[in-house]
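Just below is one structure, and these are the notes that go with it.
Each chain gets a letter, A, B and so on, in the order its sequence line appears, and its residues count up from 1.
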There are 2 protein chains.
Amino acid sequence: MKKKIYVHVADDHKILIEGIIAVINTDKDIEIRDYSLTGKEVVDWFDKKGNKADVLILDITMPVLDGFEVLRHFNQKGINPKVIILSSYDDIKIVQEMLSLGCKGYITKNNAGEHIVDAIKAVANGEQYFSDDIQKILLKRFSGHHVPTGEAPVKSIIEALTERELDVLKLITKQYSSPEIADKLNLALSTVDTHRKNLLKKLKVKNSVGLAMYAVKNKIV
Amino acid sequence: MKKKIYVHVADDHKILIEGIIAVINTDKDIEIRDYSLTGKEVVDWFDKKGNKADVLILDITMPVLDGFEVLRHFNQKGINPKVIILSSYDDIKIVQEMLSLGCKGYITKNNAGEHIVDAIKAVANGEQYFSDDIQKILLKRFSGHHVPTGEAPVKSIIEALTERELDVLKLITKQYSSPEIADKLNLALSTVDTHRKNLLKKLKVKNSVGLAMYAVKNKIV
DNA sequence: TTTCTTCTCCCTGTAAATAGGGAGGCTTCT
DNA sequence: AGAAGCCTCCCTATTTACAGGGAGAAGAAA
């Protein structure tokens, strides 16, 4: 007799959680242990003694703490449930960032119903799991390589933004001009301009609008 | 004996639809007739002879046609199911736009589970229905007024964007500069500048970044 | 120690965006 | 016949943004 797989679900839309539970409950090998509506609830739940789950279904967009921050917290604390990201985003950068943070699976909400049970069983078994569309965009980048099924960590390709660049980017999305940003951060205008230039280069966008769109899509704001 | 309320659900995330069905099926007076995954499916379904629903649960973000366009289509064709918007967005402008397009209810995904059955019954009964958070932001604008329960249409406060302004806005979000936009639309640069000025004024934003953020938040792009 | 990254600031330009104004032609509604 | 809204284009002017380059200081890593 197989041991049950215990699952924790985190998403800020309760109705989506209800849907997931409805789907998962059709399988006898899997049991929902509990759910969280914010990132903070997730980390609190796992911090609490006695609370354990084999697999964590994790949304990215959540109040208080988002999915990224939840994983960073786990990495710091040495907690490592097998995490499956369940997100609307199919941006390659987000996927890679999540992989580098240690997630074991990534499925999009578009076809979650078909994949979620398989995904849970796969990652519970030590494998990785990606939904079709995610596999596609991953293969586009790593053409020639195959998706590792073991513990081989996929290294992030994107150049991470520095703290200062993030500071500037956030203020740009708040519609501040460079002189205003310089003022707010106590920097010379030339410094802000430098950060702007580096942001444009790193994110491969044409102008401030591109920066703003990137920030929105990647939930930096 | 009461007549059953027939409901059609439209959302691009199937798992969310499954959740809604699970919740609604707890109520004996309501029956899900069918569901759609895109805006086009919705209008096709209602166009098909014999297909009728009393209430339509409608998401805003959907491929092919979004929620706005679905309602515009209904208005043109003279089809008028009672529409409840189910969305993540609690932007006052979106709510007002939807109201001016004739929707009868608006609930956010955050607390859909608690509200959706009540909402369906209310609008099926000819009333309007808004979830708590939506009521709050509506009252902020219409302080002193009460939410009408009859057929009194709430007039949109926002100045709607014109077709041309939308054209320009969309190209701005694609990171085109004004000269490039002028070229693409076969306009003089001065004309594009005029549209830009009017956009900034209408949307009350400071710069192009503000325009882009508005477009993203309001799902114009 | 050397190397690398980050952060800081500077220079010289050109291109673009913003702010204010006006104005003529066009439809649509009253 | 007005009035109103939209689309188009023009003027002047200032402020920002973008592009390319260099460079010094501090800290971390190899």
Side-chain angles (χ1 to χ4, degrees), chain A residues 75-76 97 100 155-216 220-221, chain B residues 72 75-76 96-97 100-101 153 155-216 220-221:
Chain A
N75 288 334
Q76 282 175 359
E97 179 67 15
S100 73
K155 266 202 137 180
S156 183
I157 288 180
I158 58 163
E159 301 182 75
L161 302 185
T162 66
E163 282 305 310
R164 228 37 178 159
E165 287 165 351
L166 267 180
D167 290 340
V168 172
L169 179 55
K170 284 177 185 170
L171 291 176
I172 288 174
T173 63
K174 288 183 180 165
Q175 306 177 46
Y176 289 111
S177 68
S178 291
E180 288 170 335
I181 294 171
D183 201 54
K184 280 203 173 278
L185 299 179
N186 284 315
L187 292 176
L189 171 59
S190 57
T191 306
V192 176
D193 275 336
T194 301
H195 289 314
R196 267 192 123 105
K197 276 187 289 191
N198 293 333
L199 280 167
L200 291 177
K201 191 181 294 180
K202 280 186 180 179
L203 303 183
K204 303 194 211 316
V205 294
K206 270 190 63 180
N207 51 33
S208 307
V209 170
L211 295 177
M213 303 291 279
Y214 175 91
V216 171
I220 289 171
V221 285
Chain B
R72 283 192 204 103
N75 288 334
Q76 282 175 358
Q96 291 183 327
E97 179 68 14
S100 73
L101 285 170
K155 268 205 135 178
S156 182
I157 288 181
I158 59 164
E159 301 182 75
L161 302 185
T162 67
E163 283 305 309
R164 229 35 177 161
E165 286 165 354
L166 268 179
D167 290 340
V168 172
L169 179 55
K170 283 177 185 170
L171 291 175
I172 287 174
T173 63
K174 288 182 182 166
Q175 304 177 47
Y176 289 113
S177 68
S178 291
E180 288 170 335
I181 293 171
D183 201 54
K184 280 202 173 279
L185 299 179
N186 284 314
L187 293 175
L189 171 60
S190 57
T191 306
V192 176
D193 277 337
T194 301
H195 288 314
R196 267 191 123 107
K197 273 186 290 190
N198 293 334
L199 281 167
L200 291 176
K201 191 181 294 179
K202 279 187 180 179
L203 304 182
K204 303 194 210 317
V205 294
K206 272 189 62 180
N207 51 33
S208 307
V209 170
L211 294 178
M213 303 291 279
Y214 175 90
V216 171
I220 288 173
V221 285

From CD of B:Glu165 over to C1' of D:dC7, roughly how many Å is that when rounded to an integer?
10 Å

Rounding to the nearest 10°, end axes of the helix from C:dT1-D:dA30 to C:dT30-D:dA1 built from five pairs each make an angle of 50°

Within residues 179-198 of chain A, residues whose heavy atoms come under 4.0 Å of DNA chain D
A:Pro179, A:Arg196, A:Lys197

Using 0.5 Å steps for rounding, measure from the OG atom of A:Ser178 to the NE2 atom of A:His195.
11.0 Å

With B:Ser177, which residues qualify under side-chain hydrogen bond (donor to acceptor under 3.5 Å, both in side chains), at least two apart?
B:Glu180

Whole-Å gap separating P (D:dA17) and CG (B:Asn207)
7 Å

Return the value, rounded to whole Å, for the distance between atom CG of A:Leu199 and atom P of D:dC18.
10 Å

From CA spacing to verdict: salt bridge (Lys or Arg N to Asp or Glu O under 4.0 Å), A:Asp167, A:Arg164:
CA-CA 5 Å; A:Asp167 290 340; A:Arg164 228 37 178 159; 3.1 Å; yes

Note: A:Val209 and B:Ser208 closest approach over all heavy atoms is CG2-CB, 3.6 Å

The reported gap from CG in B:Leu169 to CG in B:Asn198 (rounded to nearest 0.5 angstrom) is 12.5 Å

To the nearest 0.5 angstrom, please state how far the CD atom of A:Glu165 sits from the CG atom of A:Leu211.
10.5 Å

Can you tell me if the side-chain N/O atoms of B:Ser178 get under 4.0 Å from OP1 or OP2 in C:dA16?
no

Tell me: NZ of B:Lys201 to P of C:dG21, nearest whole Å?
8 Å

When every non-hydrogen atom of A:Lys206 is compared with those of B:Tyr176, the smallest separation belongs to NZ-CA, 4.4 Å

Please find the pair of heavy atoms, one from A:Asn207 and one from B:Gln175, that lie closest to each other, and give the distance.
ND2-O, 3.3 Å

Check every atom of D:dA19, D:dC7, D:dT16 against the side chain of A:Leu200 and return the nucleotide holding the closest atom.
D:dA19

According to a strict under-4.0 Å criterion, is B:Thr162 in side-chain N/O contact with OP1 or OP2 of D:dC7?
yes

Kindly give the heavy-atom pair with the smallest separation between A:Ala215 and A:Thr173, and that separation in Å.
CB-CG2, 3.6 Å

Using whole Å, report how far NZ of B:Lys206 lies from C1' of D:dA17.
14 Å

Using whole Å, report how far CG of B:Asp167 lies from P of D:dC6.
14 Å

